[in-house]
2 protein chains.
Amino acid sequence: MPETFAALQVDTEISQPLWRQLYMQLDDLLTSGALREGASLPPERDLAEYLGVSRSTVKRSYDQLRHDQRLGGRGRGGSVVRKPPERVQPTLGPLRGFTEEMRELGKTATTNVLQCEIVSDRRMASIFQRPSNAQFLHVVRIREGDGVPMTRELAWYDLSLAPEMAFWNGSGSAYERLRDLCRLELGGAEQSVEAVLSSPLESDAFGFDEPQPCLLFKRMTRIRSGALVEYVEGTFRGDAYVYRIELEP
Amino acid sequence: MPETFAALQVDTEISQPLWRQLYMQLDDLLTSGALREGASLPPERDLAEYLGVSRSTVKRSYDQLRHDQRLGGRGRGGSVVRKPPERVQPTLGPLRGFTEEMRELGKTATTNVLQCEIVSDRRMASIFQRPSNAQFLHVVRIREGDGVPMTRELAWYDLSLAPEMAFWNGSGSAYERLRDLCRLELGGAEQSVEAVLSSPLESDAFGFDEPQPCLLFKRMTRIRSGALVEYVEGTFRGDAYVYRIELEP
DNA sequence: CAGTGGTCTAGACCACTCG
DNA sequence: GAGTGGTCTAGACCACTGA
């Protein structure tokens, strides 16, 4: 057994489950930095034999670490330590898009457009208070800061209010386009924030093996006249994004 | 086997794991409302025999539902279906406390003061930019809306700025007290919002068996002169709380 | 005190992957 | 192709809890 793991041990006399004892000891190894990113944990079978427990018990500990997103790897490569991503902290006061946020943080915003099409959607028609055959531009994007996927975003734009959006390919800043090309004066937005677990699609986009806590933003953006022009649902990975607000007295 | 569960079945020919097949079928039963709050699932052993799988496989499905907080119960009572709590949606514009939020939602705010004492704390002294022997009132509270625990809140108040807070017992609104008793004019706040999993203490306070996604607020409240008077860290349960903001153009 | 879920074992087969 | 984790089984003992 490699020296790093020689000190691991479990004790059936302790009231805590064996798997939890092992989990916490491994946790210490990761947190203390004794195991860096890319390091390998022993194969489950080896560590089980060394500790004198069954493979299931070791596996349960490893599973917990995988669930915490601190362990990755599969197949021949075994179990590999992951690095927790750093959190960015955009200072958000007024209405602003992802591109602007990243620019101010000195990061490069890149966008991966998964879908960009004109749709009719009863749910959206109801949100926008439009007839049910109204047309919207629907965009699905993964947005990255310095190459790290930060958010998965579903957006709808009212094409009767902003017909020029129909020719948008989904890249870059939607707000710049609304302002400069559609010549719309934005009037503010109502936004809600929830804590949720990532859906399978989002977990996949962020590289999570299991659902992780995320911030779910829903935003309704209006033009100055009060008409709704944009509805967005964005899921931001909780391990990499902190939302900041200034509150007035 | 009770009629509700007679339709359950798993198939080894399908590429999906047996436990996941079962998990999704049970999920359907809960979501569709076929199983209401308080209903019982069959004992693991019984369902395992009925489906022709081992108890471990059924257990893994049940574990997943427990992890999702949709299953509770232990011991003789077996596995009992839980009801997901409704979410409240406070509309939050300017600086406002929990008590005010709940009042506007027509809910009664109650507070459970766990700790309320005068402390010296290097970390707080550093946040407040005070000498390290400075004294703060430290309050730990569970706050409830209509009796449901909504948030666990750690707060610190600068006693040199608001000496009258020293005699506070922690109940009611801190902001009313700061305004009316200490005669301080509040000047605004910086707030950050993160998505995290609840800590063991918080899980316990909210009645979670396992960590659940929560909104973690950190707020620094200043008086008009700019001096920091309050620092709060509040964890709001994600399944019961949606944060709403109005954004200016 | 009987039945429940929590934990653990020893062993097996599989799909995948990397050397 | 050898080694890895993913899954599953059959069986066991335990602590707890509610009837």
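Letters go in sequence order (proteins before strands), and every chain restarts at 1. For clarity, every value in this text was computed on a predicted model and none was experimentally measured.
- Annotation: of the two residues near DNA chain C, A:S54 and B:G78, the 5′-most nearest-nucleotide partner is B:G78.
- Counting to the nearest Å, the P atom of D:dG5 and the CG atom of A:L41 are 9 Å from each other.
- Scored by the side-chain hydrogen bond (donor to acceptor under 3.5 Å, both in side chains) test, B:R36 finds no partners at all (sequence neighbours excluded).
- Relative ring orientation between B:F236 and B:F98 is described as tilted, the plane-to-plane angle lying within the 30° to 60° band.
- Of the N and O atoms on the side chains of B:T31 and B:D27, at least one donor lies less than 3.5 Å from an acceptor on the other residue.
- Using the six-membered ring where Trp is involved, B:Y231 and B:W156 have ring planes that are tilted, between 30° and 60° apart.
- Taken residue by residue, residues 61-70 of chain A places heavy atoms nearer than 4.0 Å to DNA chain D at A:D63, A:R66.
- Taking 3.5 Å as the limit, the base of D:dG6 and the side chain of A:R55 contain a donor-acceptor pair of atoms between them.
- Note on B:T57: only backbone sugar-phosphate atoms sit closer than 4.0 angstrom, heavy atoms only; bases stay farther off.
- A heavy atom lying under 4.0 Å from DNA chain C marks the following residues of residues 8-20 of chain A, by number: A:P17, A:L18, A:W19.
- Distance, A:L47 CG to D:dG3 P: 18 Å, rounded to whole Å.
- B:S198 and B:Q212 are not linked by any side-chain donor-acceptor pair at a separation below 3.5 angstrom, with hydrogens and angles left out of the test.
- Residue-to-nucleotide proximity on DNA chain D shows that, of A:K59 and B:V53, the 5′-proximal contact is made by A:K59.
- Listed by first and then second residue, the side-chain hydrogen bond (donor to acceptor under 3.5 Å, both in side chains) pairs that reach into residues 38-58 of chain A are A:E44-A:R55, A:S54-A:T57, sequence neighbours excluded.
- Rounded to whole angstrom, the span from the CG atom of B:D46 across to the C1' atom of C:dA2 amounts to 14 Å.
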**Message:** I need a per-nucleotide contact map over nucleotides 14-19 of chain D, read 5' to 3'. Cutoff is protein heavy atoms under 4.0 Å; write B for the base, S for backbone only, - otherwise.
**Reply:** ---BS-
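- Partners of B:Q16 by side-chain contact (heavy atoms from CB on, under 4.5 Å), not counting sequence neighbours, listed by chain and number: B:I14, B:R20, B:Q21, B:M24.
- In this structure, the side chain of B:H138 engages the main chain of B:A155 through a donor-acceptor pair within 3.5 Å.
- Rounded to whole angstrom, the span from the CD atom of A:E49 across to the P atom of D:dT4 amounts to 12 Å.
- When rounded to the nearest whole Å, the span between CZ of A:R60 and C1' of D:dG6 equals 16 Å.
- Ring-centre distance between B:F217 and B:Y243: below the 6.0 Å cut-off.
- Atom CG of B:L22 and atom P of D:dT9 are 11 Å apart (whole Å).
- Rounded to an integer number of Å, the gap from CD of A:E210 to P of D:dG6 is 10 Å.
- Taking 4.5 Å as the limit, every side-chain heavy atom of B:V196 sits out of range of all side-chain heavy atoms of B:P213.
- Checking B:T108 against B:R103 by side-chain atom types alone, no donor-acceptor pair falls below 3.5 Å.
- Between the P atom of D:dT9 and the CD atom of B:E44 lies a distance of 14 Å, rounded to the nearest Å.
- Looking at A:S61 and A:Q64, their side chains never bring a donor and an acceptor atom within 3.5 Å of each other.
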